[in-house]
Amino acid sequence: MASLSSASVSLVRTPTHLPCFRSNHGKVQSLNRYSKTKTTHLSINSSLRMCSIAASDSPLSTSMYELSSKKVWIWTENSQVMTAAVERGWDTFIFSSLNQGLANEWSKIALIDPLFIKEREIFDNAGERVATIFQVSTPSELKKLHPEAHHVENVVIDLLDWQVIPAENIVAEFQGSKTTVFAVSKSPAEAQLFLEALEHGLGGVVLKVEVVKAVLDLKVHAVGMGDRVCVDLCSLMRPGEGLLVGSFARGLFLVHSECLESSYIASRPFRVNAGPVHAYVATPGGKTSYLSELKAGKEVIVVDQTGKMRTAIVGRVKIETRPFILVEAKIDANDQTVYSILLQTAETVALVCPHEGNRTQKTVIPVTSLKAGDEVLLRLQGGARHTGIEIKEFIVEN
């Protein structure tokens with residue numbers, strides 16, 4: 001059942017353009033089911049942007065109360081940033097211990113709550129300790145942290161080598177903690193991930209910025225969350241292999257498995273973090289299935305970077321609420337047809353790059369690293385479906 005098939009699919013290349021993180025990617029080559037991989041490639045624009053999905057009605061969904069109770073502290077020396085933050089309702093500001101003068105000056109302009117850093121501790125105006133700062137650069141250092149042991153109300157974690165996976169690790173380590181755990185974030189995108197990681201997120205963030213736009217762009221409310229499906233197979237995948245997944249059957253992206261090594265999480269070569277419950281996934285016989293319909297014993301199509309296919313048996317399906325981004329692609333700038341996929345915002349989730357023969361080239365692009373000029377693969381096919389079977393019928397999907 002899991003042996004390599006002689007059939008192959010032709011893979012398409014793509015560039016990117018982002019509304020929230022705007023960027024443009026290059027070309028796409030179409031993936032036709034039983035044809036040989038073609039060397040010609042069509043020009044294509046694609047867009048990657050944060051997707052504003054309303055929280056689902058699932059009991060797993062983050063409640064509005066949880067999100068509205070998140071804390072935001074601002075670490076800046078820019079008075080315009082201070083003004084923008086106060087207007088947003090964020091009045092707690094962090095200063096160095098040598099910057100008492102700036103704190104006094106701003107206190108005359110607005111009602112703010114100044115905090116001061118001294119030797120990795122944070123104190124209020126009265127000299128009372130309100131938080132402890134921990135610098136973390138490895139997973140082992142993170143595991144050594146026990147907020148309650150320090151008898152403070154707040155703990156601020158400064159990740160010296162920030163990545164998405166540590167955001168999830170921090171939430172997992174401190175869930176249920178009575179201490180409010182903050183993470184230092186240097187952009188609204190980082191802050192949003194810390195607030196939403198593993199659905200519930202951290203209790204707060206320290207936004208360390210010097211530009212007003214960063215304050216205006218941070219949205220502390222239910223946005224970008226949805227129910228994500230991880231597909232665990234009964235066979236192992238190799239670098240370059242993954243599942244064909246997409247929001248519309250007309251274009252399925254090659255989503256890579258978690259077989260590659262990471263500094264922050266063990267390799268899981270049997271797993272594909274595939275996308276939200278509504279997405280299509282390619283199955284044997286030229287059919288598609290919704291990710292929500294997959295269960296143990298069903299078969300899916302595994303495709304590699306060159307277009308070779310094989311079938312694999314699903315061993316387990318795991319659905320959890322996670323933050324999403326939306327990737328969109330077009331054949332060219334004038335084409336009205338859009339191909340899209342929603343994917344979890346995590347560095348272990350990646351799209352497969354075009355195969356360039358003997359040329360050395362990266363295999364995947366993590367969705368957190370997509371930028372202008374990148375190319376990824378997708379399969380183009382008929383969009384009209386009835387119970388997963390392709391049919392000839394007029395259809396419009398947006």
Can you confirm whether [X] sits close enough to [Y] that some side-chain heavy atom of one is under 4.5 Å from a side-chain heavy atom of the other?
X    : Y    : result
V281 : L243 : yes
E153 : T179 : no
L351 : V255 : yes
V314 : V300 : yes
M237 : H256 : no
V86  : I112 : yes

Just how far is it from atom [atom1] of [X] to atom [atom2] of [Y], taken to the nearest 0.5 Å?
X    : Y    : atom1 : atom2 : value
R88  : L207 : CZ    : CG    : 10.0 Å
N154 : R129 : CG    : CZ    : 11.0 Å
R271 : D232 : CZ    : CG    : 4.0 Å
L244 : T283 : CG    : OG1   : 10.5 Å
L377 : Q305 : CG    : CD    : 6.5 Å

Original post:
What residue pairs, at least two apart or across chains, pass side chain to side chain donor-acceptor pair (under 3.5 Å) with a residue in residues 103-114?
Top reply: Q100-N104

Original post:
Given D304 and T306, is the side chain to side chain donor-acceptor pair (under 3.5 Å) satisfied, shown in steps?
Top reply: CA-CA 6 Å; D304 74 5; T306 66; 2.9 Å; yes

**OP:** Determine, for K118 against E121, whether the closest basic-nitrogen to carboxylate-oxygen distance falls under 4.0 angstrom.
**Re:**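 Looking at E121 together with K118, the answer is no, because their closest N to O distance does not fall below 4.0 Å.
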
**OP:** Could you tell me whether E241 and K308 have a side-chain N and a carboxylate O separated by less than 4.0 Å?
**Re:**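 Salt bridge: no.
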
**OP:** Would you check, one step at a time, whether the test side chain to side chain donor-acceptor pair (under 3.5 Å) holds for N78 with E210?
**Re:** CA-CA 6 Å; N78 186 313; E210 298 299 330; 4.7 Å; no

Subject >> Side-chain cluster (under 4.5 Å, hydrophobic types only) that F270 belongs to, other residues >> reply: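 Noted: F270 shares its cluster with L236.
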
**OP:** Using the side chain to side chain contact (heavy atoms under 4.5 Å, CB included) rule, pick out the option among V209, V205, L193 that qualifies with S185.
**Re:** V205

**OP:** Check whether the ring centres of Y280 and F248 lie less than 6.0 Å apart, and answer yes or no.
**Re:** no

Original post:
Looking at F93 versus W73, is the centre-to-centre ring distance below 6.0 Å?
Top reply: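 When the ring centroids of F93 and W73 are compared, they turn out to be at least 6.0 Å apart.
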
